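Have a look at the structure below before the remarks.
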Amino acid sequence: RFMKNNSENISINEAMRLANSEAGQKLISLLKKQNPDQLQKAVREASGGNYQQASSLLSGALSSQEVQALLEQLRGKSHG
């Protein structure tokens with residue numbers, strides 16, 4: 001799932017494309033700096049299919065203005 005209202009599904013190929021984009025790389029780097037342990041836990045949860053728990057683990061980090069700006073860039077890329 002992608003972080004838009006926690007309900008928008010994207011394919012794994014689309015997720016990989018977004019993660020490899022400039023904004024995606026900045027987002028990953030920022031999340032790693034903010035709380036690497038929390039990011040690892042969230043990735044494990046998402047890998048196991050528990051997207052709600054992954055989102056919950058990252059909710060604090062995702063609320064920063066810098067992260068929100070990067071997410072907006074990614075949302076634009078995901079829609080074409």
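For clarity, every value in this text was computed on a predicted model and none was experimentally measured. Values below: every heavy atom of this structure, side chains too, minus hydrogens, waters and symmetry copies.
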Gap separating the CG atom of L57 from the CG atom of D37, nearest 0.5 angstrom: 11.0 Å

Are L74 and L62 connected in the hydrophobic side-chain network, where two residues link if heavy atoms are under 4.5 Å apart? yes

Main-chain N/O of Q52 paired with S55 side-chain donor or acceptor, under 3.5 Å: no

A54 and A42: which non-hydrogen atoms are nearest, and at how many Å? CB-O, 3.3 Å

Rounded to the nearest 0.5 Å, what separates atom CD in Q73 from atom CG in L18? 11.5 Å

Please round to the nearest 0.5 Å and tell me the distance separating atom CD of Q53 and atom CG of L58. 10.0 Å

With a cut-off of 6.0 Å (strictly less than), are more than 12 heavy atoms of other residues, nucleotides or ligands near CD of Q68? yes

Mind checking whether S56 and E45 have side chains closer than 4.5 Å, heavy atoms only? no

Any non-hydrogen side-chain atom of R44 less than 4.5 Å from a side-chain atom of K41? yes

If Ile, Leu, Val, Met, Phe, Trp and Tyr residues are connected whenever their side-chain heavy atoms lie under 4.5 Å apart, and connections chain through other members, are L71 and L31 in the same group? yes

Once you round to the nearest 0.5 Å, how far does NZ of K32 lie from CG of L30? 12.0 Å

Calculate, to the nearest 0.5 Å, the distance between atoms CG and CD belonging to L70 and Q25 respectively. 11.5 Å

